[in-house]
2 protein chains.
Amino acid sequence: MYERKILPYLNCGLDLVGEVLYGKWKLRILWFISEGHKRPSELQRKIPDVSRRVLNIQLRELEEHELVKRTIYPVMPPKVEYDLTDFGETLIPVIRTIGLWGDAHEDRLRDVILKQFPDRVAMGG
Amino acid sequence: MYERKILPYLNCGLDLVGEVLYGKWKLRILWFISEGHKRPSELQRKIPDVSRRVLNIQLRELEEHELVKRTIYPVMPPKVEYDLTDFGETLIPVIRTIGLWGDAHEDRLRDVILKQFPDRVAMGG
DNA sequence: CAGCATCCGGAAAGATACTG
DNA sequence: CAGTATCTTTCCGGATGCTG
């Protein structure tokens, strides 16, 4: 597990949110789990660009931040499911707001992001 | 200027937002600028934990993403002001939503974040 | 005051191989 | 299927010093 550096700057809600949402895939992970409990393999299928290792790390962090909870079924083969906690549920409207803005401005966002990489391809991952 | 790696995964609004908001201080920078145009030195006074170099870099990125615009006054000593663009303005309600959630859950957030660092101090930056 | 150049430490994320 | 351990790359963010 990575250890984030000391955080003396956490003096406003914005920074605190930034802390728990820090991580390249967390928004999408939370979003998918919000659809209903998900198994790790499902999440990876939904987010194929993330490696299993990083997926696990970010799930662990979300778990430590009490946004998701993990249920382990003692069966063979192993089965694990992730759900949102009640706390995590409260975050979903926020993520939804973010996603809606992103969707509403998708074309422009793609433009301004990709103009930095004129030689690179965006889609087709 | 940093160059982010190739981005084949940008296939939903959530990812796109993550891309333009990626950066430790961008939420707060945008938030402060949304109060009205700000000079770099003002921003640094408001966010003392950020170095001038990083502040400039993130301002540049926000500028490239067309969320803020920079006005240079040809005077001596130099004077520069940052404002939100119209595009940037549309993001403010989103940031506000994020901040409100963070404020509403400030205590709990501080708990879950800091329990990872039992030996460290949170405030007083 | 505004901003850039250079150097640098360390965290985030990726690749691979392995265990239960 | 779920998860960890190790190694490596990328690159974010910080410190300092210089220019206009």
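Every value quoted in this text rests on a predicted model; they were computed, and no experiment measured them. Below, chain A is the first sequence line, B the second, and so on; all start at residue 1.
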State, with a plain yes or no, whether a side-chain heavy atom of Leu21(B) is found less than 4.5 Å away from one of Leu91(B).
yes
Using whole Å, report how far CD of Glu61(B) lies from C1' of dG3(C).
15 Å
Using heavy atoms to find the nearest nucleotide of DNA chain C for Arg45(B) and Val50(A) separately, return the residue whose nucleotide is more 5′.
Arg45(B)
Check each residue of residues 32-42 of chain B for a non-hydrogen atom within less than 4.0 Å of any atom in DNA chain C, then write out the ones that pass by number, or none.
Arg39(B), Pro40(B), Ser41(B)
CZ of Arg70(B) versus P of dC1(C): gap in Å, rounded?
17 Å
Pairwise N/O distances under 3.5 Å, protein to nucleotides 5-7 of chain C:
| unit_1 | atom_1 | unit_2 | atom_2 | d |
| --- | --- | --- | --- | --- |
| dT6(C) | O4 | Arg53(B) | NE | 3.1 |

With sequence neighbours excluded, what pairs up with Arg45(A) under the side-chain contact (heavy atoms from CB on, under 4.5 Å) test?
Ser41(A), Glu42(A)
Listed partners of Arg70(B) passing salt bridge (Lys or Arg N to Asp or Glu O under 4.0 Å), at least two apart
Glu63(B)
Picking from dT4(D), dG14(C), dG14(D), which would you name as closest to the side chain of Asn56(A)?
dT4(D)
Which part of the nucleic acid, if any, lies within contact of Gln44(A), taking any heavy atom under 4.0 Å across all strands shown: a base, the sugar-phosphate backbone alone, or nothing?
nothing
What is the nucleic acid contact for Glu81(A), judged by heavy atoms within less than 4.0 Å: base, sugar-phosphate only, or nothing?
nothing
Residue set satisfying side-chain hydrogen bond (donor to acceptor under 3.5 Å, both in side chains) with Lys69(B), at least two apart, ordered chain then number -> none
Nucleotide of dG14(D), dA2(D), dA2(C) approaching Ser51(B) most closely (side-chain heavy atoms)
dG14(D)
Among dG14(C), dC4(C), dA2(D), the one nearest any side-chain atom of Arg60(B) is dC4(C)
Looking for any heavy atom pair under 4.0 Å, which part of the strands does Tyr82(B) touch: base, sugar-phosphate only, or nothing?
sugar-phosphate
Checking contacts here: which listed nucleotide (dC1(C), dG14(D), dG14(C)) is nearest the side-chain heavy atoms of Trp25(B)?
dG14(D)
Identify all side-chain donor-acceptor contacts of residues 97-105 of chain B below 3.5 Å with residues at least two apart in sequence or on another chain.
| unit_1 | atom_1 | unit_2 | atom_2 | d |
| --- | --- | --- | --- | --- |
| Thr97(B) | OG1 | Pro93(B) | O | 2.8 |
| Trp101(B) | NE1 | Thr90(A) | O | 3.2 |
| Trp101(B) | NE1 | Thr90(A) | OG1 | 3.0 |
| Trp101(B) | NE1 | His105(B) | NE2 | 3.3 |
| Asp103(B) | OD1 | Gly13(A) | N | 3.2 |

Please give, in whole Å, the distance from dT16(D) C1' to Leu55(B) CG?
17 Å
Partner residues of Lys38(A) under the side-chain hydrogen bond (donor to acceptor under 3.5 Å, both in side chains) criterion, sequence neighbours left out
none
Extract all donor-acceptor atom pairs below 3.5 Å that involve side chains of residues 74-85 of chain B and protein atoms in other chains or at least two apart in sequence.
| unit_1 | atom_1 | unit_2 | atom_2 | d |
| --- | --- | --- | --- | --- |
| Glu81(B) | OE1 | Tyr73(B) | OH | 3.1 |
| Glu81(B) | OE2 | His37(B) | ND1 | 3.4 |
| Tyr82(B) | OH | Arg60(B) | NH1 | 3.1 |
| Thr85(B) | OG1 | Glu66(B) | O | 2.5 |
| Thr85(B) | OG1 | Leu67(B) | O | 3.3 |
| Thr85(B) | OG1 | Phe87(B) | N | 3.3 |
| Thr85(B) | OG1 | Gly88(B) | N | 2.9 |

For atom CD of Glu19(A) and atom P of dC12(D), their distance in whole Å:
17 Å
Sequence neighbours excluded, which residues qualify as side-chain hydrogen bond (donor to acceptor under 3.5 Å, both in side chains) partners of Trp31(B)?
none
In whole angstrom, give the distance that lies between atom CD1 of Ile57(B) and atom P of dA15(D).
13 Å
Distance, rounded to the nearest Å, where Met76(A) contributes CE and dG20(C) contributes P
12 Å
Of all the nucleotides listed (dG20(C), dG14(C), dG3(D)), which has the minimum atom distance to the side chain of Lys24(A)?
dG14(C)
Asp15(A) and Leu27(B), any side-chain heavy atoms less than 4.5 Å apart:
no
